[in-house]
Every structure is written in structure tokens, then in C-alpha cells.
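Computation of the quantities below employed the complete heavy-atom set of this structure, encompassing side-chain atoms and omitting hydrogens, waters and symmetry-equivalent molecules.
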Amino acid sequence: MGATRRCMVIVGVLFALFLSSTSAQSCSKYKFAGNKVFSTCSDLPYLNSNLHWMYSPSSQSLEIAFRCMGTSSSRWVSWAINPTSQGMVGSQALVAFQKSDGTMRAYTSPIKGYQTRLQEGDLSFPVSDLSAIYLNNEMIIFATLKLQNSSSTLNQVWQEGPLSYDSPGMHPTTGHNVQSMGTLNLLSGESKTTAGASSSKLNCPGNPSTSAQSCSKYKFAGNKVFSTCSDLPYLNSYLHWTYSPSSQSLEIAFRCMGTSSSRWVSWAINPTSQGMVGSQSLVAFQKSDGTMRAYTSPIKGYQTRLQEGDLSFPVSDLSAIYSNNEMIIFATLKLQNSSSTLNQVWQEGPLSNDSPGMHPTTGPNVQSMGTLNLLSGESKTTAGASSSKLKSKNIHGVLNAVSWGILMPLGAIIARYVKEFPLADPAWFYLHVTCQLSAFILGVAGFGTGLHLGSQSPGVAYAVHRGLGIAVFTLALVQVSALFIRPKKDHKWRSYWNYYHYLVGYGILGISIANIFKGLDILSPAKIWKRAYIGILVTLASLALLLEVIVWFLKRRKRSAGADRSSHGTNETV
């Protein structure tokens with residue numbers, strides 16, 4: 001029973017870590033550096049943001065930390081209080097971004113109109129201890145505010161947008177960017193959004209920034225006209241097209257608004273399945289010399305850097321333009337499928353030295369996919385299916401990392417070293433078997449989720465990862481089966497069985513660890529998970545080395561004691 005508990009504790013801890021990482025980024029579980037603690041927090045409903053705070057009603061002092069996750073160093077973030085009304089105008093904002101030299105800039109900005117460029121200025125209340133940090137695609141603003149209103153309920157606004165030459169650019173005026181406001185009760189922690197009222201205000205006559213952003217009202221330069229268009233629900237994007245069913249010719253214009261010259265955009269068709277992998281994409285960005293680059297890129301894996309390559313269908317007239325924080329891709333596609341419904345994916349992300357960088361893996365960036373009917377114009381998103389598949393991938397990864405990558409090596413260490421201690425016999429054997437069988441059971445579950453993921457993704461193949469996984473499962477099955485034909489200690493075949501057992505066991509360990517790192521490269525989780533697994537391996541290796549030294553010392557002392565007894569017996573005989 002004790003052996004089972006030890007192994008299950010390891011499994012439980014790792015599953016708890018996994019569940020904490022997939023808990024929709026709950027602010028209550030976040031740990032600040034330096035053990036900094038806030039008494040209350042709120043998971044804000046838009047823009048992957050959280051607010052943490054400490055409020056003193058007597059002094060009306062409000063200490064806050066505003067976090068925006070899944071952002072990049074080419075974006076700015078902001079959190080604000082509006083003392084006079086709900087909405088953007090009149091807000092007293094805290095703004096932060098990372099400058100091109102790598103340093104952080106944090107400052108205050110009173111919002112006086114919709115066309116603001118977030119100019120620096122004093123707020124209507126004192127602000128102290130203002131600072132910001134950026135790490136692992138997360139930006140945090142810290143500040144202490146001295147409120148002037150005795151009410152514990154305030155109007156809050158939060159925002160993020162693109163940078164242009166170390167200056168905040170215009171944020172998108174559709175989607176989540178115009179929904180990110182509401183009321184907050186500092187005592188109860190209750191927050192409410194006011195997106196409906198805000199949207200109504202934005203669409204009132206006379207507002208210079210209100211064009212309702214409908215694709216049907218957009219006018220292209222040169223009187224270029226498309227027969228149909230769709231307002232895409234995420235990333236402030238739109239698709240315009242003209243489709244000829246007879247020739248299967250599709251002329252498109254993909255527009256991404258509220259972006260900057262330090263971002264790339266992409267629109268793609270996936271001929272084989274829904275999702276990113278297998279997509280045939282059109283990519284565009286503005287190079288550092290001001291010229292535009294537009295090219296095609298087939299997406300073969302989650303670690304893609306959008307390398308240039310031919311698509312599975314012909315593409316002509318490919319070009320792109322960038323103006324007024326809007327990027328547009330034009331192209332004509334020759335489709336190969338007679339169906340008028342296609343799977344589309346669209347995306348945007350940061351540039352690094354004129355090369356596309358990794359886009360965020362949370363929020364709208366993982367929801368920007370769906371189906372599109374070219375004849376009716378009807379579009380549907382498939383974000384729910386994508387989220388479910390991502391959860392299955394995470395479960396697959398955790399099961400295999402815990403089983404083959406942690407419990408198996410731990411069981412091997414027990415068999416190799418703990419049995420050398422006389423007091424541990426026969427407990428070491430039962431502990432070893434319990435760990436290995438637990439690992440095998442979890443490994444079977446992980447192997448099953450892998451097969452299920454493969455069946456859900458026709459046309460998507462990770463040949464090396466799949467081959468190594470099959471090899472590990474097959475060897476483990478043989479290893480477990482061999483337990484039933486294990487000879488007794490004094491049997492003449494026992495030594496051969498031991499050689500086989502060691503050889504297959506160490507083979508499983510080597511292949512498993514290599515395949516876990518291969519899986520981490522495919523899944524691309526936060527860097528902390530890869531570092532955590534490396535830390536676990538280093539810990540297990542250090543433990544093995546320490547036990548190796550101890551066992552060597554014990555054996556040497558035992559041999560010395562045996563030699564002394566032999567020498568003493570010889571002298572007596574003489």
C-alpha cells in the first residue's frame with residue numbers, strides 16, 4: 001500500500017499542475033514574483049486579461065496589477081478608470097509597452113477623445129509606484145492609485161493594441177476591443193461588462209470612428225469590387241471574394257484592421273480538415289525597408305515559422321498593401337475541390353527581423369477558424385472543436401510525460417539501487433512493480449488519446465513522433481507480458497531473462513524521453529513546462545548518481561569486510 005501511495009502522489013501532483021494550467025487562466029491561482037500578494041482579483045472577460053488589487057476604503061488607496069496574457073513585445077496594453085461615465089472618453093489610463101531597445105515604458109494618459117494616441121499626461125487622481133514588466137508573452141502593469149470618489153464601485157476600461165516605432169497605434173474598433181469595459185466593485189470583487197451600451201454609443205451619428213465596420217460598406221482603391229464578403233468574428237478581420245463555380249476560380253481580398261507594420265497577417269484554406277495543420281496559407285507583412293512581402297506557405301506543423309513554399313492549388317496575382325493600420329492580401333486561387341464550402345483559417349502575429357514570429361496561443365488567435373460557403377456567404381466558426389482538440393492534446397502529453405517519462409525512470413532507479421539495501425527487501429520489488437504498472441496503465445491511456453487525435457486529424461501526420469510512440473507501446477507490452485514467464489531466481493534461464501529485461505527496459509526509457517521532447521516541440525506549450533520536465537530529469541539523474549555512489553561505497557565496504565574475515569580465518573588455521 002505504501003508503494004502505491006508514493007507512486008500515486010507523483011501522478012496526483014503532476015495532474016494537479018496540469019489542471020492548474022488549463023483552468024482558463026484563473027487569476028486566483030496566479031503567483032507573482034517576489035511573493036507579492038493582492039487580496040482580490042477578477043478574470044476580465046475579454047483580451048485575455050486579469051486584474052488584481054488591494055483596496056483600503058479608509059485611505060481610498062488602490063494598489064493594482066493589470067495582466068494581459070498572450071501578447072507580444074510589439075503591442076501596448078492599458079488599464080483605466082473612468083471617473084465620470086462608462087466608456088473610453090474620459091478614462092484615466094495606465095499605459096505600458098516594451099520599447100525597441102528592450103526597456104519597459106509605463107506612464108499615465110488621460111483619454112480626451114476617440115482619436116487618442118495615448119499621449120502622456122497627468123490623471124485626475126494621484127498615481128505612484130507605476131511600473132511594468134514583460135515576460136513569456138505576458139505584460140503586467142503595477143501601480144498605486146489615490147481615488148477621489150468615496151464609492152467602492154468604479155468604471156474600468158482595459159485595452160491592447162499595436163506599436164508603431166515605439167508609439168501606441170490605434171487599437172481595433174470591433175470585437176473584443178470595444179467590449180473591454182465595465183463596472184467593478186472593489187469590496188465584493190463583482191465585475192460587470194457594459195459592452196452593449198458601449199457598442200450603442202460607438203454607433204451613434206457624428207462619431208468620427210463609427211463606420212459600423214461592416215465589410216459591405218468598404219470601398220477598395222481603384223473601384224475594385226467583390227461580389228460577396230464576410231465580417232470574420234475574430235482578430236478584426238474581413239474576407240471579400242468573387243467565386244466562379246464553373247472554373248472554380250476564387251478571387252479574394254483578406255483585410256486585417258488595427259494592425260501595425262511590425263505584425264504579419266495570414267489567410268488560409270485547409271483542404272483536408274478543420275484547423276491549422278494542413279492549411280494552405282497566404283502570408284503578408286511589411287519589411288523593415290517599407291516594402292511589402294506576400295507569399296504562400298503550406299502549414300505542416302504547429303511549430304511552423306511560415307516558411308515559403310508551394311500550395312496544393314495554384315495561386316496567382318498575389319500581392320499585399322499596408323495603410324492606416326490596415327493590411328490587405330489580394331490573390332486569385334484555383335480550387336481543386338468541387339464543394340463550395342471550405343475550411344478557412346486566419347491569423348496575425350509579431351515580426352522578428354523581417355520574419356514571422358509565433359502568434360499567441362490563447363484567446364482570439366486560437367478561435368480564428370471556421371467554415372465558409374462561397375455561394376451563400378454563410379460562415380461558421382469551429383473554435384469549440386479546436387479547443388476540445390487542444391485539451392485532448394494536453395491530456396495526451398501529460399499522460400505520456402507522467403507515465404513513460406517520470407514513473408518509468410523512477411521505477412528503474414528503484415530496481416537498480418534500492419534493492420541493494422538489505423532492509424528494503426522485498427519492499428523494493430513491490431514498489432518497482434507498482435510504479436511500472438502504474439506507468440503502463442497511464443501510458444496505455446496516453447497511447448489511446450494519441451490514436452484518437454490521429455483519427456480526428458486526417459492528412460496530419462507526425463511520422464517520427466507516431467513511430468516512436470508505437471515502438472514504446474510495443475516494447476512496454478512485451479515487457480509487461482514477460483513478467484508472467486519470469487523464471488525463479490535459481491532457474492538456469494533467469495540470467496538470460498534478466499539481460500532481456502534490462503535491455504528492453506532501458507530501451508523504453510531512452511525512446512520515451514526522446515519522444516516526450518518531440519511531443520513538446522509539436523504541442524509547443526509555455527516554456528515553463530519543458531523546463532519543468534528537464535528539471536525533473538535532472539533531479540532523477542542526480543538521485544541515480546547519488547545512489548550509485550552510495551551503493552558503490554556499500555559494496556566496497558562489504559568486499560573489504562569479506563576479505564578481512566577470509567584473512568583472519570587463514571591466520572587461525574596457520
Side-chain angles (χ1 to χ4, degrees), residues 25 27 30-34 36 38 41-44 46-54 61-82 88 90-112 116-147 154-172 176-177 180-182 184 258-263 325 349-352 357 360 362-363:
Q25 299 293 344
C27 63
Y30 187 82
K31 304 296 182 184
F32 287 92
K36 191 174 184 67
F38 294 87
C41 70
S42 175
D43 296 321
L44 302 179
Y46 305 110
L47 301 181
N48 306 302
S49 301
N50 302 128
L51 182 70
H52 304 250
W53 71 90
M54 185 88 70
S61 174
L62 176 64
E63 184 181 2
I64 67 100
F66 170 73
R67 299 167 47 224
C68 186
M69 297 166 287
T71 190
S72 76
S73 58
S74 61
R75 309 286 286 181
W76 58 264
V77 303
S78 173
W79 181 81
I81 292 174
N82 194 327
M88 170 181 165
S91 294
Q92 308 295 296
L94 313 175
V95 185
F97 58 84
Q98 188 178 59
K99 297 167 65 177
S100 55
D101 61 6
T103 60
M104 294 298 297
R105 186 184 179 202
Y107 65 95
T108 58
S109 177
I111 310 299
K112 300 177 181 179
T116 181
R117 291 297 177 182
L118 295 177
Q119 296 89 342
E120 186 168 2
D122 293 334
L123 304 189
S124 61
F125 46 78
V127 177
S128 59
D129 302 323
L130 178 58
S131 64
I133 60 173
Y134 176 72
L135 185 66
N136 295 328
N137 290 329
E138 179 179 61
M139 204 169 295
I140 309 178
I141 300 176
F142 298 96
T144 301
L145 318 179
K146 183 73 172 179
L147 303 183
L154 51 82
N155 302 313
Q156 65 172 337
V157 184
W158 63 100
Q159 196 56 256
E160 68 92 44
L163 286 176
S164 179
Y165 301 105
D166 283 353
S167 295
M170 185 67 182
H171 68 74
H176 292 176
N177 287 83
S180 52
M181 59 184 71
L184 176 67
T259 190
S260 75
S261 57
S262 60
R263 310 285 288 179
N325 290 330
L351 285 176
S352 177
T362 58

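- Remark: side-chain polar atoms of Asp101 are paired, donor with acceptor, to backbone N or O of Thr103 under 3.5 angstrom.
- Counting only N and O atoms by type, the side chains of Ser167 and Arg117 include no donor and acceptor under 3.5 Å apart.
- Under a 3.5 Å cut-off, the side chain of Ser61 and the backbone N or O of Lys146 do not form any donor-acceptor pair.
- For the atom pair CZ of Arg263 and CG of Asn325, the computed distance is 12.0 Å after rounding to the nearest 0.5 Å.
- For the ring pair (Phe, Tyr, Trp, His ring centres under 6.0 Å) criterion with Phe38, the lone passing option out of Trp53, Phe32, Phe66 is Phe32.
- The two residues Cys68 and Val77 make their nearest non-hydrogen contact at CB-CG1, 3.7 Å.
- Of the possible donor and acceptor atoms, none in the side chain of Asn82 sits under 3.5 Å from a partner among the backbone N and O of Asn155.
- Across all non-hydrogen atoms, the minimal contact from Gln98 to Met139 is N-CE, 4.4 Å.
- Of all non-hydrogen atoms in Val157 and Ser91, the two that sit nearest each other are CG2-OG, 3.6 Å.
- To the nearest 0.5 Å, atom CG of residue Leu62 and atom CG of residue Leu147 are 5.0 Å apart.
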TODO: Starting from the C-alpha separation in whole Å, work towards a yes-or-no answer on side-chain contact (heavy atoms from CB on, under 4.5 Å) for Glu138 and Tyr30.
DONE: CA-CA 12 Å; Glu138 179 179 61; Tyr30 187 82; 2.9 Å; yes
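- In this structure, the side chain of Asp166 engages the main chain of Ser100 through a donor-acceptor pair within 3.5 Å.
- Note that NE2 of His171 is 14.5 Å distant from OG of Ser260, once rounded to the nearest 0.5 Å.
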- [ ] Might you work through the side-chain contact (heavy atoms from CB on, under 4.5 Å) test for Ile111 and Leu118, ending with a clear yes or no?
- [x] CA-CA 7 Å; Ile111 310 299; Leu118 295 177; 3.4 Å; yes
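- The two residues Leu47 and Glu160 make their nearest non-hydrogen contact at CD1-N, 4.0 Å.
- Proximity of a side-chain donor or acceptor of Asp43 to a complementary backbone N or O of Cys27 within less than 3.5 Å is detected.
- Put simply, CZ on Phe142 and CD1 on Ile64 are 9.0 Å apart, with the number rounded to the nearest 0.5 Å.
- Across all their heavy atoms, Gln92 and Pro110 have their closest contact at OE1-CB, 4.0 Å.
- Side-chain atoms of Ser109 do not come within 3.5 Å of backbone N or O of Glu120 as any donor-acceptor pair.
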TODO: Show the numbers, then the answer: is there a side-chain contact (heavy atoms from CB on, under 4.5 Å) between Leu44 and Trp158?
DONE: CA-CA 9 Å; Leu44 302 179; Trp158 63 100; 3.7 Å; yes
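- A heavy-atom distance below 4.5 Å is not found between the side chains of Asp129 and Glu63.
- Scanning both residues, Ser78 and Val95, for their nearest heavy atoms gives OG-CG2, 4.0 Å.
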TODO: Given side-chain contact (heavy atoms from CB on, under 4.5 Å), test Gln119 with Lys112 step by step and report yes or no.
DONE: CA-CA 10 Å; Gln119 296 89 342; Lys112 300 177 181 179; over 6 Å; no
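- Side-chain N or O atoms of Trp76 include one that pairs as donor or acceptor with a backbone N or O of Pro162 at under 3.5 Å.
- Checked by atom type and distance alone, the side chain of Gln159 pairs as donor or acceptor with a backbone atom of Asn177 at under 3.5 Å.
- With contacts defined as side-chain heavy-atom distances shorter than 4.5 Å, the pair Val127/Asp122 does not qualify.
- Between the side chain of Ser74 and the main chain of Leu163, no donor-acceptor pair closer than 3.5 Å is present.
- Atom CG of Asn136 and atom OG1 of Thr71 lie 13.0 Å apart (nearest 0.5 Å).
- The CG atom of Leu51 lies 8.5 Å from the SG atom of Cys41; values are rounded to the nearest 0.5 Å.
- Counting only distance, with no hydrogens or angles, the side chain of Tyr134 and the backbone of Ser73 share a donor-acceptor pair below 3.5 Å.
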